[in-house]
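Order of appearance sets the numbers: ligands from 1, and atoms from 1 within every ligand. Count residues from 1 along the sequence.
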Amino acid sequence: MKLMLNMTINNEKISVEIEPDSRLLDVLRDDLGLLGTKEGCGVGECGACTVIIDGKTANSCVTLAASMEGCDIKTIEYLSKNGKLHPMQKSFIDNSALQCGFCTPGFVLSGVNLLERNPNPTEEEIKEGISGNICRCTGYEQIVKAVEDVRDEKYIKDGACDE
Ligand code: FES
Ligand code: FES
């Protein structure tokens, strides 16, 4: 028997029929077509499937979709507006903080969420903020630098992003 799930995804209220045992990751990707959320390990260890649920990062591969009734969920698709990248996305590109890019949506969302909670994190706090995300390609140095540049408002000062 299917369940009807009501939640807010990227500021849009949606209702979707799900299997009672569906993972949030599968509902996002398979039912809603939000393919920016990736599946890496599938067991809550790599952070590729990171989303923001009610203001906190979570691994959607180990989140039961049925438990999301009434929740506010943001995915990587939330960040760019009218084709314009979010400063965190631009900073990852400018700092060469990605190679294959599979882990990148998760890191970007963790960085954005960290700065929303703590606008002026230290380097150690940034490392802690992205500690739930694993990258198999890059060193982590450029990823930390990308978050630091957004923290330091480089994109606002440079006029690279007017949002
Ligand atoms: S795919 Fe969810 S934590 Fe790895
Ligand atoms: S850029 Fe390939 S896993 Fe991170």
Side-chain angles (χ1 to χ4, degrees), residues 3 5 7-10 14 16 18-80 84-118 121 123-151 154-155 160-161:
L3 298 177
L5 174 65
M7 52 190 175
T8 301
I9 307 271
N10 299 337
I14 62 114
V16 58
I18 62 165
E19 298 292 341
D21 59 351
S22 290
R23 305 176 304 171
L24 177 60
L25 175 64
D26 297 326
V27 173
L28 293 174
R29 288 182 59 86
D30 301 341
D31 296 321
L32 301 176
L34 295 168
L35 302 177
T37 307
K38 306 299 185 198
E39 177 160 13
C41 65
V43 292
E45 290 185 353
C46 75
C49 63
T50 299
V51 295
I52 298 173
I53 302 173
D54 291 340
K56 293 183 186 152
T57 53
N59 291 323
S60 59
C61 73
V62 287
T63 300
L64 191 64
S67 70
M68 293 291 100
E69 178 69 26
C71 288
D72 180 74
I73 297 165
K74 294 194 170 58
T75 70
I76 191 69
E77 285 85 357
Y78 176 75
L79 295 183
S80 64
K84 196 167 180 179
L85 293 180
H86 185 281
M88 189 68 76
Q89 293 172 306
K90 188 155 192 335
S91 186
F92 267 66
I93 294 169
D94 291 352
N95 281 290
S96 301
L98 64 150
Q99 287 184 27
C100 78
F102 197 80
C103 67
T104 309
F107 272 103
V108 167
L109 281 177
S110 291
V112 167
N113 184 251
L114 171 65
L115 295 187
E116 282 174 355
R117 291 182 288 109
N118 175 7
E123 182 179 334
E124 283 313 306
E125 287 170 331
I126 291 173
K127 287 178 180 170
E128 172 65 27
I130 60 171
S131 61
N133 298 83
I134 291 173
C135 177
R136 294 176 192 278
C137 302
T138 69
Y140 291 88
E141 205 169 305
Q142 293 311 111
I143 294 174
V144 172
K145 174 75 166 46
V147 179
E148 285 176 333
D149 277 0
V150 181
R151 173 200 64 190
K154 178 174 183 288
Y155 288 89
C161 179

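Under the 4.5 Å side-chain criterion, counting only non-hydrogen atoms from C-beta, Met88 is in contact with Leu115. Glu123 places a side-chain heavy atom less than 4.5 Å from the side chain of Val144. The shortest distance between side-chain heavy atoms of Leu79 and Leu109 falls below 4.5 Å. Side-chain contact between Phe92 and Asp149 is absent, with no heavy-atom pair separated by less than 4.5 Å.
Side chain of Thr8 to backbone of Asp72: no donor-acceptor contact under 3.5 angstrom is found. In terms of modelled atom types and a separation under 3.5 Å, the side chain of Arg29 and the main chain of Leu35 share a donor-acceptor contact.
For atom 1 (S) of ligand 2, the nearest protein heavy atom (residue, atom name, distance) is Gln99 N, 3.2 Å. Summary of contacts: the protein heavy atom closest to atom 3 (S) of ligand 2 is Arg136 N, 3.3 Å.
Taking every heavy atom of Cys100 and a limit of under 4.0 angstrom, the matching atoms of ligand 2 come to 1 (S), 2 (Fe), 3 (S). Close approach of ligand 2 to Cys103 is summarised as follows: ligand atoms under 4.0 Å from at least one heavy atom of the residue are 1 (S), 3 (S), 4 (Fe).
For atom 2 (Fe) of ligand 1, the count of nearby protein N, O or S atoms, meaning those under 2.8 Å away, is 2.
Looking at Cys137, Gly101, Ala97, Cys135 and measuring to atom 2 (Fe) of ligand 2, the nearest heavy atom belongs to Cys137.
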Checklist entry - Do Val62 and Arg23 pass the side-chain contact (heavy atoms from CB on, under 4.5 Å) test, and can you show the C-alpha distance, the side-chain angles, and the key distance before you say yes or no? => result CA-CA 7 Å; Val62 287; Arg23 305 176 304 171; over 6 Å; no
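More than 12 heavy atoms of other residues, nucleotides or ligands shown are found within 6.0 angstrom of CD on Glu19.
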